[in-house]
Amino acid sequence: MRAINKNAKKVMDALTAKCEHLGDHDKFHTEGPFMDVVVECIDGCDFGPMFSVAHYYEQNGDLMRDPEMCFVKGGDGEYYPYYYRLDGLGIERFALTFDYEGNIEGIRKSEQGEQAVFAGKWMMSIKRQQGLVM
């Protein structure tokens, strides 16, 4: 699997710093036109803890993901993206599949690699928009 790049990893480490246990979450807000960033520890698998990172906006009373990405943090400390969703365009992509016990059973290598590249760019945008200092 392909991990996000080193600079993106620093941003993910900052975003997930308060999300060590299942259900832990954090919200990053900055003044101005940028959407908040919401981070949550959503699950765990045989590979490590799993995190959701998302921007949300409201449309007709519904929260819309713009986008949401999910990552698993491996035992090596690296983050591996496995899910991407963009509600406004109706896009939902899975890079990993899991069995009923939470073990990884399949990898869509091309999709997972594309998500890692996108996540690297998105994390740099989040860093700038939220004024994160590394």
Side-chain angles (χ1 to χ4, degrees):
M1 280 195 298
R2 184 172 177 176
I4 60 176
N5 65 51
K6 292 177 184 178
N7 291 325
K9 179 187 180 303
K10 290 177 186 177
V11 175
M12 279 295 294
D13 283 339
L15 294 176
T16 61
K18 295 181 181 177
C19 300
E20 296 179 9
H21 302 94
L22 182 63
D24 288 352
H25 61 278
D26 203 357
K27 182 177 179 180
F28 296 80
H29 173 77
T30 187
E31 296 301 320
F34 303 114
M35 288 186 268
D36 296 346
V37 177
V38 179
V39 182
E40 183 178 5
C41 182
I42 57 171
D43 208 343
C45 69
D46 59 335
F47 202 65
M50 302 162 87
F51 300 95
S52 166
V53 178
H55 286 303
Y56 292 99
Y57 67 92
E58 191 173 323
Q59 179 177 309
N60 298 325
D62 295 324
L63 285 179
M64 307 291 283
R65 292 164 272 204
D66 188 30
E68 175 187 23
M69 289 194 79
C70 294
F71 302 82
V72 60
K73 184 176 184 181
D76 59 0
E78 299 292 333
Y79 295 90
Y80 300 88
Y82 69 89
Y83 176 79
Y84 175 88
R85 182 162 177 164
L86 184 61
D87 287 335
L89 296 178
I91 298 170
E92 182 175 47
R93 295 188 177 147
F94 296 87
L96 302 179
T97 56
F98 300 89
D99 66 18
Y100 290 107
E101 295 174 0
N103 302 310
I104 297 172
E105 69 176 2
I107 302 171
R108 295 181 180 99
K109 290 183 181 181
S110 178
E111 177 65 32
Q112 200 277 323
E114 288 176 20
Q115 288 185 21
V117 170
F118 175 79
K121 295 174 184 176
W122 188 39
M123 289 300 123
M124 293 303 95
S125 291
I126 288 172
K127 178 183 176 186
R128 284 189 303 277
Q129 291 173 359
Q130 300 302 319
L132 298 176
V133 179
M134 310 287 120

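- Taken together through direct or relayed side-chain contacts under 4.5 Å among Ile, Leu, Val, Met, Phe, Trp and Tyr, M123 and M69 form part of one hydrophobic cluster.
- Here L89 contributes atom CG and D66 contributes atom CG; the two are 8.0 Å apart, rounded to the nearest 0.5 Å.
- Evaluation of the ring pair (Phe, Tyr, Trp, His ring centres under 6.0 Å) test over residues 62-97, restricted to residues two or more places apart or in two chains, returns F47-Y80, Y82-F98, Y83-F94, Y84-F118.
- Residues E20 and C41 are not in side-chain contact: their nearest non-hydrogen atoms beyond the backbone lie 4.5 Å or more apart.
- Residues V37 and D26 have side chains not in contact (no heavy-atom distance under 4.5 Å, counting atoms from C-beta outward).
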Test log, rule side-chain hydrogen bond (donor to acceptor under 3.5 Å, both in side chains), inputs S52 and E68:
CA-CA 7 Å; S52 166; E68 175 187 23; 2.7 Å; yes
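- Between A3 and A116, the closest heavy-atom pair is O-CB, 3.9 Å.
- With a 4.5 Å cut-off on side-chain heavy atoms, C70 and I42 count as touching.
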For V117 and I4: C-alpha separation, side-chain torsions, deciding distance, then whether side-chain contact (heavy atoms from CB on, under 4.5 Å) applies.
CA-CA 7 Å; V117 170; I4 60 176; over 6 Å; no
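- Residues that satisfy the side chain to side chain contact (heavy atoms under 4.5 Å, CB included) test with K10, not counting sequence neighbours, are N7, M134.
- Counting side-chain heavy-atom gaps under 4.5 Å among Ile, Leu, Val, Met, Phe, Trp and Tyr, the cluster of M64 also holds M35, Y57.
- At least one side-chain heavy atom of L132 sits less than 4.5 Å from a side-chain heavy atom of V11.
- A 4.5 Å side-chain heavy-atom check between M1 and L96 finds at least one atom pair inside the cut-off.
- Taking a 4.5 Å side-chain heavy-atom cut-off between Ile, Leu, Val, Met, Phe, Trp and Tyr, the cluster of Y56 extends to V38, L63.
- Listed by first then second residue, pairs satisfying salt bridge (Lys or Arg N to Asp or Glu O under 4.0 Å) with a partner in residues 77-104 read R65-D87, R85-D87, R85-E92, not counting sequence neighbours.
- Hydrophobic clustering keeps V72 apart from F51 (ILVMFWY residues linked when any side-chain heavy atoms are closer than 4.5 Å, directly or through intermediates).
- The shortest distance between side-chain heavy atoms of V39 and M12 does not fall below 4.5 Å.
- Between M50 and C45 there is a side-chain heavy-atom pair separated by less than 4.5 Å.
- Contacts classified as salt bridge (Lys or Arg N to Asp or Glu O under 4.0 Å) and involving residues 107-118 (residues at least two apart or in different chains) are not found.
- For residues 35-49, every residue pair satisfying the salt bridge (Lys or Arg N to Asp or Glu O under 4.0 Å) rule, not counting sequence neighbours, is listed here: K27-D36.
- The ring pair (Phe, Tyr, Trp, His ring centres under 6.0 Å) pairs that include a residue from residues 12-44 number zero, where partners must be two or more places apart or lie in different chains.
- Among residues at least two apart or in separate chains, there is no salt bridge (Lys or Arg N to Asp or Glu O under 4.0 Å) pair with a member in residues 121-134.
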